[in-house]
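All values reported here derive from a predicted model rather than from experimental measurement.
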Amino acid sequence: YEIRPRDWSSDVCSSDLSVTVVLAVAVVVTLRMDLGPSLARLVEQQASVRISRPVHIGALSLQLGRGRVEARDILIEGRVPTDRPFLRAARVSVALDWSQLVQRRPRLIVTDIEADDWQMLVERFADGDSFIRFRSPGGPSRFDTDVRAIRGTHGQFAFEDHTAPWSILAPNLDIAVTNQIGRAHV
């Protein structure tokens with residue numbers, strides 16, 4: 001019986017490969033691509049037209065590994081410039097079903113919207129409220145849109161009725177709204 005020294009080279013190569021694969025996956029999953037200020041301004045303009053009030057975005061990026069579009073430092077202004085903002089959010093991340101965009105009748109399927117560190121203020125005045133209303137840009141739509149889920153974490157909701165007057169504040173709020181088969185669930 002002869003004892004031979006163990007060949008560690010194959011074990012070292014195998015562990016080097018494992019570490020390399022783990023690092024490569026980590027880089028791809030966490031990699032962000034800044035979409036630049038010009039695209040952020042275009043998104044701001046389009047959103048502002050759709051809700052008839054100014055929208056501001058601090059930064060816009062694409063998370064390559066997760067396939068999500070992420071906006072940071074979002075602000076939706078109140079009804080008029082002197083009103084307080086309707087919404088502020090530190091981060092909003094949107095996941096899309098990209099496969100539905102290449103059909104004969106394209107569908108924009110938003111599978112998930114995540115908002116983090118947000119504050120929403122709804123005010124009621126004698127002439128209406130500050131809730132946003134989505135409007136069509138005119139003419140037939142080029143594609144259908146469907147939002148499947150919205151989640152908000154670390155948020156705050158405030159309602160102020162200036163006609164009553166009364167108000168309510170809900171701090172430390174986490175919400176989840178899903179839309180399955182045309183029915184919304186809160």
Side-chain angles (χ1 to χ4, degrees), residues 25-36 39-79 85-122 129-159 168 170-186:
V25 167
V27 165
V28 168
V29 167
T30 60
L31 190 62
R32 276 181 215 278
M33 183 171 62
D34 182 13
L35 297 176
L39 189 55
R41 298 305 152 260
L42 178 63
V43 172
E44 285 177 340
Q45 290 169 356
Q46 293 300 312
S48 296
V49 166
R50 286 291 177 111
I51 64 172
S52 300
R53 65 176 75 174
V55 175
H56 307 281
I57 299 171
L60 193 62
S61 63
L62 179 63
Q63 292 177 318
L64 296 177
R66 296 177 64 200
R68 297 181 76 93
V69 177
E70 183 175 282
R72 293 205 172 264
D73 302 321
I74 299 99
L75 176 92
I76 299 176
E77 292 187 16
R79 295 185 320 161
F86 169 74
L87 178 75
R88 288 181 188 270
R91 182 187 69 85
V92 173
S93 177
V94 178
L96 302 171
D97 181 351
W98 300 96
S99 68
Q100 299 293 315
L101 287 172
V102 293
Q103 295 183 359
R104 184 171 175 222
R105 172 78 175 157
R107 295 184 67 201
L108 177 61
I109 305 294
V110 178
T111 57
D112 183 49
I113 299 173
E114 295 176 354
D116 188 44
D117 193 16
W118 56 274
Q119 299 89 39
M120 180 184 285
L121 171 65
V122 176
D129 60 53
S130 65
F131 247 110
I132 58 173
R133 276 51 173 194
F134 293 94
R135 65 181 192 90
S136 176
S141 177
R142 291 180 293 203
F143 51 85
D144 297 326
T145 304
D146 186 16
V147 178
R148 302 274 168 88
I150 301 173
R151 285 194 317 262
T153 57
H154 307 105
Q156 174 179 292
F157 176 80
F159 176 79
I168 189 166
N172 305 318
L173 190 61
D174 289 353
I175 62 168
V177 180
T178 60
N179 179 12
Q180 299 171 347
I181 312 173
R183 296 184 168 173
H185 303 279
V186 179

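Looking at Val110 and Val94, their side chains come closer than 4.5 Å, going by heavy atoms from C-beta outward. Residues Phe86 and Met120 have side chains in contact (heavy-atom distance under 4.5 Å, counting atoms from C-beta outward).
Partners of Glu77 by side-chain contact (heavy atoms from CB on, under 4.5 Å), not counting sequence neighbours, listed by chain and number: Pro54, His56, Leu75. Every residue two or more places apart in sequence or in another chain was checked for a ring pair (Phe, Tyr, Trp, His ring centres under 6.0 Å) with Phe157, and none qualifies. Scored by the salt bridge (Lys or Arg N to Asp or Glu O under 4.0 Å) test, Asp117 finds no partners at all (sequence neighbours excluded).
The closest donor-acceptor contact from the side chain of Thr178 to the backbone of Ala149 lies at 3.5 Å or more, if one exists at all.
At a cut-off of 3.5 Å, with distance as the only test, no side-chain donor of Asp174 or Thr153 sits close to an acceptor on the other residue.
Within the model, atoms CG of Leu42 and CG of Leu60 stand 9.5 Å from one another, a figure rounded to the nearest 0.5 Å. Note that CD of Gln119 and CG of Leu87 are 8.0 Å apart. Values are rounded to the nearest 0.5 Å. In this structure, the separation between CG on Asp116 and CZ on Arg151 is 11.0 Å, given to the nearest 0.5 Å. Separation of atoms CG (Asp73) and CZ (Arg88) is listed at 10.0 Å; rounding is to 0.5 Å. Annotation: the span from Arg68 atom CZ to Leu96 atom CG amounts to 9.0 Å, rounded to 0.5 Å. Separation of atoms CD1 (Ile150) and CD1 (Ile175) is listed at 7.0 Å; rounding is to 0.5 Å.
Across all their heavy atoms, Ala89 and Val92 have their closest contact at CB-CG2, 3.9 Å. Closest approach of Ala71 to Ile57, counting heavy atoms only: CB-CG2, 4.0 Å. When all heavy atoms are compared, the tightest approach of Leu121 to Ser130 is O-OG, 3.6 Å. Nearest heavy atom pair, residue Ser93 against residue Gln63, reads OG-OE1, 4.0 Å.
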Going through the checks in order, is the side-chain contact (heavy atoms from CB on, under 4.5 Å) test met by Glu70 and Glu114?
CA-CA 9 Å; Glu70 183 175 282; Glu114 295 176 354; over 6 Å; no
